There are 2 protein chains.
Amino acid sequence: MPIRTIVTELLEIEHPVLLAPMAGVAGGALAAAVSNAGGLGIIGGGYGDRDWLTRELAAAGNARVGVGFIGWSLDRQPELLDLALEHAPRALFLSFGTFRQYADKIARSPAKMIVQVQSVAQACEAVADGAEIVVAQGTEAGGHGSSRATLPLVPALVDAIGDVPVIAAGGIADGRGLAAALMLGASAVLCGTAFFASREALSHPNAKQAAVTGSGDNTQRSSVFDIARGIDWPAQWNLRTLRNRYSEQWVGDTETLRQQGAQEKMRYAQAAEAGDTDVAAVIVGEGVDMVRSSEPAAEIVGRIVSDAERLLGNANRFLIPTGSSSGGTLRARPGGPP
Amino acid sequence: MPIRTIVTELLEIEHPVLLAPMAGVAGGALAAAVSNAGGLGIIGGGYGDRDWLTRELAAAGNARVGVGFIGWSLDRQPELLDLALEHAPRALFLSFGTFRQYADKIARSPAKMIVQVQSVAQACEAVADGAEIVVAQGTEAGGHGSSRATLPLVPALVDAIGDVPVIAAGGIADGRGLAAALMLGASAVLCGTAFFASREALSHPNAKQAAVTGSGDNTQRSSVFDIARGIDWPAQWNLRTLRNRYSEQWVGDTETLRQQGAQEKMRYAQAAEAGDTDVAAVIVGEGVDMVRSSEPAAEIVGRIVSDAERLLGNANRFLIPTGSSSGGTLRARPGGPP
């Protein structure tokens with residue numbers, strides 16, 4: 001039986017699973033695959049490459065997807081919002097900025113306005129600015145984010161913003177995470193790392209392999225890779241990646257790295273192009289422990305949902321009438337109930 | 001109907017709720033209150049004050065409680081383990097160290113050996129060293145801890161250590177957190193912040209008030225307060241607290257603070273004694289958003305459990321037979337199902 005929530009109703013989707021709009025990873029093919037599997041795929045608008053976005057919107061074909069933007073970058077090229085709206089996206093997904101200035105335009109379109117935040121204070125601001133759905137992103141998420149963690153952030157947001165639905169993001173990569181998020185009061189989950197190594201992702205094959213073999217113990221937030229790429233991110237957000245030789249070299253001395261400027265930017269771009277994961281960032285979060293192979297996105301959506309359905313359908317197995325003795329194991333097993 | 005898991009069976013307790021052994025906060029009265037309410041209270045052995053521990057073990061009276069130790073501190077006074085074992089605790093709770101050297105002695109006692117870890121690698125080591133139960137502590141926890149977050153850490157540990165039960169710690173302060181933890185594969189939760197402001201806690205009344213009014217947006221991990229107190233914590237663990245005037249002053253300049261040495265130690269001790277929360281740390285985690293009053297510990301245990309029971313008992317409300325229309329709201333409400 002499918003999982004229905006206020007978010008599946010609002011977005012008119014079958015499953016409460018959204019693809020995180022990972023820059024350079026979540027292109028049209030991956031977004032379409034997630035939407036076609038019943039979730040909501042969201043193309044990562046990234047840093048404002050109009051040609052890239054045009055191409056990936058086309059690559060999504062007839063699938064109804066969303067488009068994600070980085071706020072401070074969109075503010076420099078607000079016309080990209082019009083480009084996205086021309087393609088009748090199901091949702092605009094806005095992170096890392098303030099968005100009141102876009103709310104009217106989005107409200108006049110069929111697209112829902114989803115705003116991702118990293119604190120209770122930001123959530124209240126997002127709702128005041130017109131957000132129809134708020135994403136609570138925890139620090140365990142891959143990519144850019146901040147310091148609060150998903151598990152306590154989700155219920156705090158649910159209590160703070162009342163009737164505006166909350167989506168949980170950060171550290172959720174399987175059905176256990178989806179079932180847990182619903183218990184916390186979320187109405188859907190947003191997954192990036194779970195899809196980073198998927199067949200349709202634009203990640204370099206070496207990066208996908210690094211994700212498949214990587215450990216959540218080995219991720220780290222830092223500004224090293226943003227400095228290396230020459231992207232001037234506001235200091236309140238930094239990037240979670242796997243640690244690698246490059247981050248180990250520079251994490252304690254970002255000022256020197258900054259001074260290397262153009263030279264490191266070129267070196268970094270070459271490494272990213274070549275899939276040299278000793279240098280280029282593998283941008284995944286702590287949920288990478290649960291990524292064990294490179295699969296079609298539809299299989300990932302299907303497994304997350306079916307495992308969560310089993311867990312929710314059997315959640316009352318923990319409840320034992322007083323006086324009765326328990327039979328068998330009482331622990332949840334990976335991927336489903338005992 | 002009570003929630004039964006492998007941990008409630010192993011520890012012979014009614015509810016899967018454990019009190020975190022907060023140093024200087026979780027004394028005998030609080031531990032006894034949690035145990036008498038059906039959970040497991042654990043006295044915080046702290047930094048090895050034998051007289052304090054003797055007094056608090058006595059204060060627990062006939063309640064069956066556990067005792068917690070900080071590993072690197074216990075290694076300096078291993079005889080405190082014997083003191084604890086003489087009181088027939090239900091469990092020894094060991095954190096921040098390695099514990100193979102104590103496993104035989106604990107195994108010969110009726111006490112269970114619970115080891116708290118902050119990574120998958122540490123969990124595997126703890127099991128090899130003899131841990132009977134492993135606590136996955138996320139970075140959102142108050143007090144000492146590390147960098148991984150609870151939501152992805154719990155399922156990663158469940159997958160890594162197989163049949164050894166996992167308890168979730170960090171960010172869990174209500175029934176939503178307990179229900180979520182069970183979905184993730186945990187068999188119980190460990191709560192500190194939820195009890196920090198409880199009537200029986202040894203926290204200063206001003207610190208309790210700061211917790212009640214504090215926001216999870218306003219906590220931070222740092223070493224400032226350990227340096228101020230003159231406690232030489234290993235660098236891999238630091239302390240989550242509310243931010244205050246003192247942490248804002250020193251967090252960017254811990255070397256100068258260290259040089260102030262004895263002078264700051266005296267100043268800090270006086271502030272802690274006086275309940276000056278502009279200086280002294282209020283040691284709570286991100287779950288502080290869910291702490292709204294100072295209540296008897298038994299009421300906190302009762303609410304966590306009854307809210308989780310309702311959520312688990314109604315978890316299948318998210319599952320809608322295909323084709324049927326949903327009635328009413330589909331979101332979990334604070335403290336219970338819709």
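On a predicted model such as this, the values are computed, not experimentally measured, just so you know. Chain letters run A, B, ... following the sequence lines, proteins first, then strands; residues in each count from 1.
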When only pairs under 4.5 Å are counted, which of [options] shares the most heavy-atom pairs with chain A?
options: B:D217, B:V288, B:T219, B:T150; result: B:D217
options: B:G216, B:G287, B:A156, B:G313; result: B:G216
options: B:T139, B:V120, B:N316, B:V154; result: B:V120

Completion exercise
Comparing A:A308, A:A181, A:G177, A:A179 against chain B, the one with the most heavy-atom pairs below 4.5 Å turns out to be A:A179
Problem - Top contributor to chain B contacts, counting heavy-atom pairs under 4.5 Å, from A:I3, A:L312, A:I172 - result: A:L312
To the nearest 0.5 Å, what is the distance between [atom1] on [X] and [atom2] on [Y]?
X: A:R317; Y: B:R4; atom1: CZ; atom2: CZ; value: 15.0 Å
X: A:F318; Y: B:L178; atom1: CZ; atom2: CG; value: 9.0 Å
X: B:L151; Y: A:L153; atom1: CG; atom2: CG; value: 11.0 Å
X: A:S147; Y: B:R221; atom1: OG; atom2: CZ; value: 11.5 Å

Minimum-distance pair of heavy atoms, taken over all atoms of [X] and [Y]:
X: A:E309; Y: B:L319; answer: O-CD1, 3.7 Å
X: A:G171; Y: B:P152; answer: O-CB, 3.6 Å
X: A:I320; Y: B:M1; answer: O-CB, 3.9 Å

Practice task
Could you check if a side-chain atom of B:L184 sits within less than 4.5 angstrom of a side-chain atom of A:M183, using non-hydrogen atoms only?
Solution key: no
Handout entry: B:E286 bridged to A:R148 by N-O distance under 4.0 Å
Key = yes
Problem - Under 4.5 Å from a heavy atom of chain B, the part of A:D289 involved - result: side chain
